[in-house]
Chemist: 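One structure, pasted below without further comment.
Naming: A, B, ... by sequence-line order, numbering from 1 per chain.
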2 protein chains.
Amino acid sequence: MDLDAVRTFVAVAAAGQFQDAAAALSITQQAVSKRIAALERDLEVRLFHRTARGARLTVDGQAFLPHARELLRVAARADASVRPGRRALRVDVHSRRTAAGVLLQEFHRTHPRIELDVVTLLDADVHAATAAVEAGTIDATFHAVPLPERRLPAGIRAARVIDERHEILVGPRHPLAERRAVTPAQLAEHRIWMPGMAAGTEWADYYDELADAFGLTIDLVGPVFGNEALLAEIAESAELATLVGERSRYLWPDSYDLRRIPVRDPAPVYPMSLIWRADNRHPGLGALRTHLKAAREVTPAAKVWLPRWTHRSA
Amino acid sequence: MDLDAVRTFVAVAAAGQFQDAAAALSITQQAVSKRIAALERDLEVRLFHRTARGARLTVDGQAFLPHARELLRVAARADASVRPGRRALRVDVHSRRTAAGVLLQEFHRTHPRIELDVVTLLDADVHAATAAVEAGTIDATFHAVPLPERRLPAGIRAARVIDERHEILVGPRHPLAERRAVTPAQLAEHRIWMPGMAAGTEWADYYDELADAFGLTIDLVGPVFGNEALLAEIAESAELATLVGERSRYLWPDSYDLRRIPVRDPAPVYPMSLIWRADNRHPGLGALRTHLKAAREVTPAAKVWLPRWTHRSA
DNA sequence: GCGAGTCACAACCGTCGGTTGTCGCGTAGG
DNA sequence: CCTACGCGACAACCGACGGTTGTGACTCGC
């Protein structure tokens, strides 16, 4: 199936005759005739009734038309997603399942008109992601911004948009399973398991500092067999717990009886900023910033714990 | 943008290298190279990093990939919608806004996996539609089936699936505007306007018989300026009313203050059947029949009025 | 019956997309 | 360090496809 043929089909359906469609497409009537004939041969079905007054859709043509329109729309979106100059808003998130991803999905739902592409830079820390923003390959990224010892490059802006609190995830046999909330101090006696956190990453640094601050045992090592395996292990265990972002979404089969219990007093918070180029005029970027600003839930300062190394600015 | 190129792009992204993708597509590596190069030239963007070990997606490629997949999915659906042999379930309804259309939409929502095409045969009465079912151009149609004086053709089946009751649509100044319900007899004093009902159609016959039975004045003539104009007229008028199916959906701007008032005791019912070929093995057809059976709301026989000419069978 | 309109068919031709053959280059291994 | 292997790119060739112009068959309306 050829997209040009589909475009021609839609043009003919709209015009009601080959000639006008040909004019609209700036080709000859004969070319239109050939394209339609080729499409009909390809689909093995007749799309138009030819009359002396023009062309009318057959039942098959009628059935095909909305699909053809959809096809062209999707093709236009696909094109817009990468076309330099007016491509879709491209935002980098570390994972779609954590707060930033969830917020982006929400943004997409409330702003269906804004073309949005969510990508994940491979092995990118704040600096690599910021470099990508600077280079223009992405329009924005979500990261915790380190204290301004190392200032952001000129022309780069950042704004705190997510204060992600945490919950522990435990199985039914875990001692804390029935709590409505736990404090960080209460977690000291229990083992917390976060496999797959490579040392040296921002997240590993965060959990290290958190462990230090409250005397926790946070296990960052261990083989990674995927989320499914981790969840199964947690559900079975009477000792293991893992930390998840409050707004993260991990789907698990109903057979796993897992509970999410908020960590409060103080609530450890992973502060994420949106990072973008000051001179980026993409209309979707402004909308995204406005949306994130509105969606931000600020917890009173007294009740949160923040890592020392992060950028404090709003 | 060429669909073959897009298919190739997806294959390369999956394989991680040109050679394997070429093998999977049964073409040479050189052809793959050309197709990708053409796509990149077309989109004015680099999609892959070429290395000595294969090809890795660039950020642009990563952004493009889901759109490319979607494009292929939509193309496959478009193809399936008309491909003889295994095309989508094709159902004819007179209007998408009336009960049959609304039920089909509901069916589509609850059965997203079943490819469904809703078409409207032009100028087709029961017999023309039945002929289309017989010929196989459509899988099913909704119509009131006349009494078996003229029996259905051999191999054609019909089942009553919709008993559509009615409501009158009136503006705020109409004498009946504040009623919670009206009887057909009460309508006798008022003028009912149904423009655009060509004489001789099933619907016109129905309204004729209804008018006779209760001494109503139903005006089937009048110029047709579209639904919008009709609704505007009704909303303004203190005398005009029009009949609509209970489950029909007409959207109007909020500025029109229109009320829908059920007609009951007895409730005139337009009985519609689904008509299909007994030997049609399309899997969606069975699902549709089951769905319609479950959705059917049967009003006690004593409380309904049915036209004499319709097929009484369940 | 004829003219004006429709679409289809035929002939022609350039371009595009496929193939085969070869090269440059980066990585891995001796 | 140098070589051998594997990857993708480039070049030359060729057939097929899609565009054009010219023409024919057909229908409708005056």
Side-chain angles (χ1 to χ4, degrees), chain A residues 1-62 64-65 68 71-72 75 122-123, chain B residues 1-58 60-62 64-65 68 71-72 75 79 122-123:
Chain A
M1 197 186 323
D2 178 15
L3 281 184
D4 277 333
V6 173
R7 226 179 301 279
T8 307
F9 166 76
V10 172
V12 173
Q17 57 179 37
F18 286 28
Q19 308 241 23
D20 291 2
L25 298 169
S26 307
I27 55 176
T28 61
Q29 167 264 314
Q30 289 84 340
V32 171
S33 180
K34 270 195 174 186
R35 283 188 184 178
I36 297 297
L39 187 60
E40 289 179 330
R41 181 165 33 77
D42 187 44
L43 296 172
E44 302 175 45
V45 98
R46 204 132 180 92
L47 296 172
F48 290 104
H49 290 297
R50 276 78 158 173
T51 75
R53 292 260 268 286
R56 266 199 1 260
L57 286 170
T58 61
V59 175
D60 287 301
Q62 211 182 123
F64 188 64
L65 183 56
L71 191 57
L72 298 181
L122 300 172
D123 307 319
Chain B
M1 196 186 324
D2 177 15
L3 281 184
D4 277 334
V6 174
R7 224 178 303 278
T8 307
F9 166 77
V10 172
V12 173
Q17 58 179 41
F18 285 29
Q19 308 240 13
D20 290 2
L25 297 170
S26 308
I27 54 175
T28 61
Q29 166 265 316
Q30 289 85 339
V32 170
S33 181
K34 271 194 173 184
R35 283 189 185 179
I36 298 297
L39 186 60
E40 288 180 331
R41 181 166 32 78
D42 186 45
L43 296 171
E44 301 176 45
V45 97
R46 204 133 181 90
L47 296 171
F48 290 104
H49 291 298
R50 275 79 158 172
T51 74
R53 294 259 268 286
R56 266 202 358 262
L57 285 170
T58 61
D60 287 300
Q62 210 182 126
F64 188 65
L65 183 56
L71 191 56
L72 297 181
D79 189 280
L122 301 171
D123 307 318

Chemist: Are any of B/Arg50's side-chain N or O atoms less than 4.0 Å away from OP1 or OP2 of D/dC7?
Modeler: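 So the side-chain polar atoms of B/Arg50 never come under 4.0 Å of the phosphate oxygens OP1 or OP2 of D/dC7.
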Chemist: Residues in side-chain contact (heavy atoms from CB on, under 4.5 Å) with A/Gln17, at least two apart?
Modeler: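 Expected list: A/Gln19, A/Asp20.
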Chemist: Working note: A/Val32 + A/Ile27, criterion side chain to side chain contact (heavy atoms under 4.5 Å, CB included); need CA distance, chi angles, decisive distance, verdict.
Modeler: CA-CA 7 Å; A/Val32 171; A/Ile27 55 176; 3.7 Å; yes
Chemist: Does B/Gln29 have any side-chain hydrogen bond (donor to acceptor under 3.5 Å, both in side chains) partners at least two apart in sequence or in another chain, and if so, which?
Modeler: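 With neighbours one apart ignored, the set is empty.
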Chemist: Test of understanding: with side-chain contact (heavy atoms from CB on, under 4.5 Å), list the residues that count as partners of B/Ala38, not counting sequence neighbours.
Modeler: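 With sequence neighbours excluded, B/Ala38 shows a side-chain contact (heavy atoms from CB on, under 4.5 Å) to B/Arg41, given in chain and number order.
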Chemist: Can you list, pair by pair, the side-chain donor-acceptor contacts under 3.5 Å of residues 7-15 of chain A, counting residues two or more places apart and other chains?
Modeler:
from   : atom 1 : to      : atom 2 : distance (Å)
A/Thr8 : OG1    : A/Asp4  : O      : 2.7
A/Thr8 : OG1    : A/Arg35 : NH1    : 2.8

Chemist: Which residues satisfy the salt bridge (charged side-chain N to carboxylate O under 4.0 Å, His left out) test with B/Arg56, sequence neighbours excluded?
Modeler: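 None.
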Chemist: Rounded off to whole Å, could you give me the NE2-to-C1' distance for the B/His49 and D/dC7 pair?
Modeler: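 About 17 Å, once rounded to whole Å.
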Chemist: Only counting residues at least two apart or in another chain, list the ones meeting side-chain contact (heavy atoms from CB on, under 4.5 Å) with A/Gln62.
Modeler: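 By the side-chain contact (heavy atoms from CB on, under 4.5 Å) rule, A/Gln62 matches B/Val119, B/Thr120.
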Chemist: Rounded to whole Å, please give me the gap between CD1 in A/Ile36 and P in D/dG18.
Modeler: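 The answer, rounded to whole Å, is 13 Å.
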Chemist: Distance-only check: which donor-acceptor pairs under 3.5 Å involve side-chain atoms of residues 43-53 of chain A, not counting sequence neighbours?
Modeler:
from    : atom 1 : to      : atom 2 : distance (Å)
A/Glu44 : OE2    : B/Arg83 : NH1    : 3.2
A/Arg50 : NH1    : A/Glu40 : OE1    : 3.2
A/Arg50 : NH1    : A/Glu40 : OE2    : 2.9
A/Arg50 : NH1    : A/Phe48 : O      : 3.1
A/Arg50 : NH2    : A/Glu40 : OE1    : 3.0
A/Thr51 : OG1    : A/Arg53 : N      : 2.9
A/Thr51 : OG1    : A/Gly54 : N      : 3.2
A/Thr51 : OG1    : A/Gly54 : O      : 3.1

Chemist: With side chains defined as the heavy atoms from C-beta onward, is the minimum distance between B/Leu3 and B/Leu71 less than 4.5 Å?
Modeler: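 With C-beta onward as the side chain, the pair touches.
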Chemist: Rounded to whole angstrom units, what separation is found between the CG atom of A/Leu39 and the P atom of D/dG18?
Modeler: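 From A/Leu39 CG to D/dG18 P: 11 Å.
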Chemist: Give the B/S/- string for nucleotides 11-16 of chain C, one per nucleotide from 5' to 3', where a protein heavy atom under 4.0 Å of the base yields B, of only the sugar-phosphate yields S, and otherwise -.
Modeler: ------
Chemist: Counting only side-chain nitrogens and oxygens, does A/Arg35 get under 4.0 Å of the OP1 or OP2 atom of D/dG19?
Modeler: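 Answer is yes, contact under 4.0 Å.
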Chemist: Nearest heavy-atom pair of B/Phe18 and B/Ala55: which atoms, and what distance?
Modeler: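 Minimum heavy-atom separation between B/Phe18 and B/Ala55: CE1-CB, 3.5 Å.
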Chemist: Check DNA chain C against residues 4-32 of chain A and give the residues with a non-hydrogen atom under 4.0 Å, in numerical order.
Modeler: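 Close to the strand are A/Gln17, A/Phe18, A/Gln19, A/Gln29, A/Gln30.
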Chemist: Quick one: A/Asp2 CG to D/dG18 C1', roughly how many Å, whole number?
Modeler: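 Whole-Å distance recorded here is 10 Å.
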Chemist: Any side-chain N or O of A/Ser33 less than 4.0 Å from the OP1 or OP2 oxygen of C/dC7?
Modeler: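 A/Ser33 to C/dC7 OP1/OP2: no side-chain N or O under 4.0 Å.
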Chemist: At a cut-off of 3.5 Å, list every protein nitrogen or oxygen paired with a nitrogen or oxygen from nucleotides 27-30 of chain D, distance to 0.1 Å.
Modeler:
from   : atom 1 : to      : atom 2 : distance (Å)
D/dC28 : O3'    : A/Arg53 : NH1    : 3.1
D/dG29 : OP1    : A/Arg53 : NH1    : 3.2

